[in-house]
Every structure is written in C-alpha cells, then in structure tokens.
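Beneath this line is the structure, given in structure tokens, with notes to follow.
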Amino acid sequence: MKPSELLNVIEAEFGDFILESSDQGFDPYIVVEPDALRDVSFFLRDDERMKFDFLRTSLGTDKIDFIESLFVLYSYELKHQLIVKVELSHKNPEVDTVSDIWKAANWYERESYDLLGINYKDHPDLRRLMMPHDWVGHPLLKDYKSPKKYHGMDLYRFNPVLKVTKKKAKKKK
Amino acid sequence: MSFYHKAESNFLVTTLDEVLNYTRKGSLWYLFFGLACCAIEMMQAGGPRTDLDRFGVVFRATPRQADFIFIAGTPTIKMADRIKRLWDQMPYPKYAISMGSCSNTGGLFQKGYSVLNGIDKILPIDVYVPGCPPRPEALTEAILILREKVQKEKFLRKEESELIEEA
Ligand code: SF4
C-alpha cells in the first residue's frame, strides 16, 4: 500500500487518537496518544490491509519537551513500513507495553527503560539491559549526570592533553 | 646469565631465582579475555605469523591456570566487576597486560556513560600496549617486556603479604 493510502486508512479508523501524521519524510509516521497505543497496535498487526507482522526496531529519545518512544514496523507480506510514535511527559513517562503484540519489543522496551526511564506497563520482565542492575539514573536523559564513583571504582580520568590545550587557548586570548 | 653458554665441564653456577625465573618466563599462560575489537587482533597474534606459542605463551580458558591476563577491548562498568572477580581467581604470581587505547584510558569511548576509563582503576597493569588496535607485533613486544620483568624478579625473597599488597 502507498504511504498516503496507509495513513488515510489509519486515520479513518482512529481519527481522534492520531495526533500527527506525515508521509513526507523517509518513512510515513503517526504520533499516537499513549492510551490508544495498544488498540492501534492490535489493528496494525491484525487488519487485512495492514499486516504489520514484524517490529524492526524500537527507540527512545529525550526531546527536551517530551520523551519520545517509537516503533518501526514492517510488513513482510505487503512490503510497507510505518513508524508509530508516542510522546510521553518527563514527569510520568508511562505507556502500555506492546511486547505481547510483537515479541521482539521485549528487549527494546527494556533498553528504553534502562536508558530513558520509560515505564512500560505490564511488561513481563522490566529490568535494566545495558547498565548494571543497581545503577542510579537513566543515562540518555538530557539532565543526566554520571556518578563519580561506582562500587569503589573511580569513574573520572584526568586528561593531560585537555589541560595543555586550554592553557594554549588562554595564552592566545 | 651463565645458562646461555655451553657448560664445558658439565656444571654451571647460577642462583635458584634465576633458574626458577627462566622456567617461569618460558611458559607464561594467559587468560584469553576479549571484550571488543582488540580481541580479534589478539587472536591474530596467536596465529602462525606472530606465533606466540614459541615463547610458551598459550591461552587458557580458566583464570586458575593462567599466569597473566590480556585485557583486550573496552571494559564497561558492568563488566568491571566480572573482570575483578576473574583477576581475584588467578593464582600468584600474576601479571596483567592492557591492550589498546580502550583498556588503557577508555579510548574513544572515554566520555561514554557505560565505559570504565581505563582498566588500571581496578587491576595493577604491568604493560600498557598503545594503539587502536595494536598490531600483533606490538603484542609480541609486550610479551618480551613481560618476560624481562619476570626474569628480573626475585620472587622467592618476597613475603606473601608483599605480593598481596602489590596486586
Ligand atoms: S582500542 Fe580500538 S580496537 Fe581496541 S577495543 Fe578499543 S576501539 Fe576496539
């Protein structure tokens, strides 16, 4: 299906819950209201015209005003692609899991939880994936500051080159 | 050392330390510990071209049989605890070679949130090998340096407490 037709079908079905949609970019995308994510996902997977049977990847980004979580979907049968985005507030980044709809989402959601602190409700196993399990904070948030110490290891390293270049810069001024 | 010359009258004079060290440096076994891209170059070093076996340097899969450890690759904070545990399992006398910029200082991932800035925060390192990645020849050089260090050591005269303090 062509991107514009694809978006038309989705908008006809879920008009109120689609906050934004576009087919101008590289791939067509829709921005969905967080509460409607599961309904939209079931529709995208099961409907005859959609048949998105494959979750390519899922990412999260801190966009300062909001935290974005996106899912890249692909249909092997109909050969079309769609990006589904949700925008979450910094205070309460919470959204329903889609890991039971596409199994591949399981570890992606764990990654987003680890690095951005997005809480996927009803996820079967929401643990940290990259960082140690007792780590504090979520590293990809813009206001994140890394700790100085962890388990007695010093996480700071003095950089002699940086000091020399700073001195040189001062002298030039 | 008097070992290298042919003993004409069937005996030679040496010290126990030297004999011990001579045998020790001839069979340095290492714990094969690849963490990232540097590990590929370490495997190269084990291959026929820069044959490490000719120094008696053979890789082992368990820390309990190893004399030294190659840290080859990017040590992450999550891995650091495991590296420390492996290091603690190695018997004395033990050595460590840090291979590549990543394990020397954190390398190009130094500012990363998940990377330990240099393996020397958790282990005492004997030889640092610079490069990204170092060539197998550089690794051979590192092993030659380590052999020199082993040969010079007065291992028998050390107290056990001294050894533990060093490590
Ligand atoms: S020093 Fe270079 S080659 Fe070695 S692990 Fe780091 S990035 Fe890879």
Side-chain angles (χ1 to χ4, degrees), chain A residues 57-64 67-69 90 93 106-119 125-166 169, chain B residues 33-38 63 69 71-90 94 96-132 164-167:
Chain A
T57 183
S58 159
L59 318 159
T61 325
D62 183 359
K63 296 243 171 140
I64 301 179
I67 297 177
E68 185 184 86
S69 173
H90 265 284
N106 191 319
W107 278 30
Y108 287 126
E109 289 182 353
R110 277 176 66 187
E111 185 188 358
S112 293
Y113 162 72
D114 184 358
L115 301 180
L116 288 159
I118 302 171
N119 184 13
D125 182 26
L126 200 62
R127 285 178 296 142
R128 282 180 183 273
L129 185 65
M130 310 281 192
M131 307 302 288
H133 65 276
D134 55 351
W135 194 255
V136 181
H138 303 284
L140 285 193
L141 291 176
K142 298 283 183 207
D143 54 0
Y144 173 78
K145 285 207 175 59
S146 33
K148 295 244 157 40
K149 275 200 165 172
Y150 172 75
H151 282 194
M153 289 176 275
D154 187 6
L155 297 187
Y156 170 78
R157 189 169 199 99
F158 172 69
N159 187 343
V161 182
L162 215 61
K163 209 177 175 190
V164 173
T165 44
K166 266 185 190 170
Chain B
F33 199 67
L35 289 165
C37 13
C38 267
I69 182 172
I71 310 287
T74 323
T76 55
I77 294 168
K78 198 171 181 179
M79 203 62 187
D81 283 346
R82 278 94 178 155
I83 299 173
K84 180 81 177 131
R85 181 179 294 180
L86 285 175
W87 172 253
D88 289 343
Q89 284 175 358
M90 282 166 61
K94 54 189 176 184
I97 294 181
S98 155
M99 174 186 181
S101 334
C102 280
S103 86
N104 290 346
T105 65
L108 69 159
F109 308 112
Q110 200 176 45
K111 298 274 185 237
Y113 51 82
S114 64
V115 173
L116 188 70
N117 302 335
I119 196 69
D120 49 4
K121 304 258 190 222
I122 51 172
L123 319 179
I125 298 292
D126 295 286
V127 187
Y128 294 85
V129 190
C132 179
I164 291 170
E165 252 171 46
E166 260 179 35

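Chain letters run A, B, ... following the sequence lines, proteins first and then strands; every chain starts at 1. Because the structure is predicted, anything quoted here is derived from the model rather than measured.
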Give, for atom CD1 of B/I122 and atom CG of A/D154, the distance between the pair rounded to the nearest 0.5 Å.
12.5 Å
For a 4.5 angstrom cut-off between non-hydrogen side-chain atoms, does B/D81 reach A/M153?
yes
Where do B/Y113 and A/L115 land on the side-chain contact (heavy atoms from CB on, under 4.5 Å) test, with the steps shown first?
CA-CA 10 Å; B/Y113 51 82; A/L115 301 180; 3.7 Å; yes
Taking the side chain as everything from C-beta on, heavy atoms only, tell me whether B/D120 gets closer than 4.5 Å to A/R157.
yes
Heavy-atom closest pair (B/N117 atom, A/L155 atom, distance to 0.1 Å) is ND2-O, 3.0 Å
Counting only heavy atoms closer than 4.5 Å, note whether B/T105 contacts chain A via side chain, backbone, both or neither.
both
Which portion of A/M131 sits near chain B, non-hydrogen atoms under 4.5 angstrom:
both
If I take atom NE2 from residue A/H151 and atom NZ from residue B/K78, how far apart are they, to the nearest 0.5 angstrom?
12.0 Å
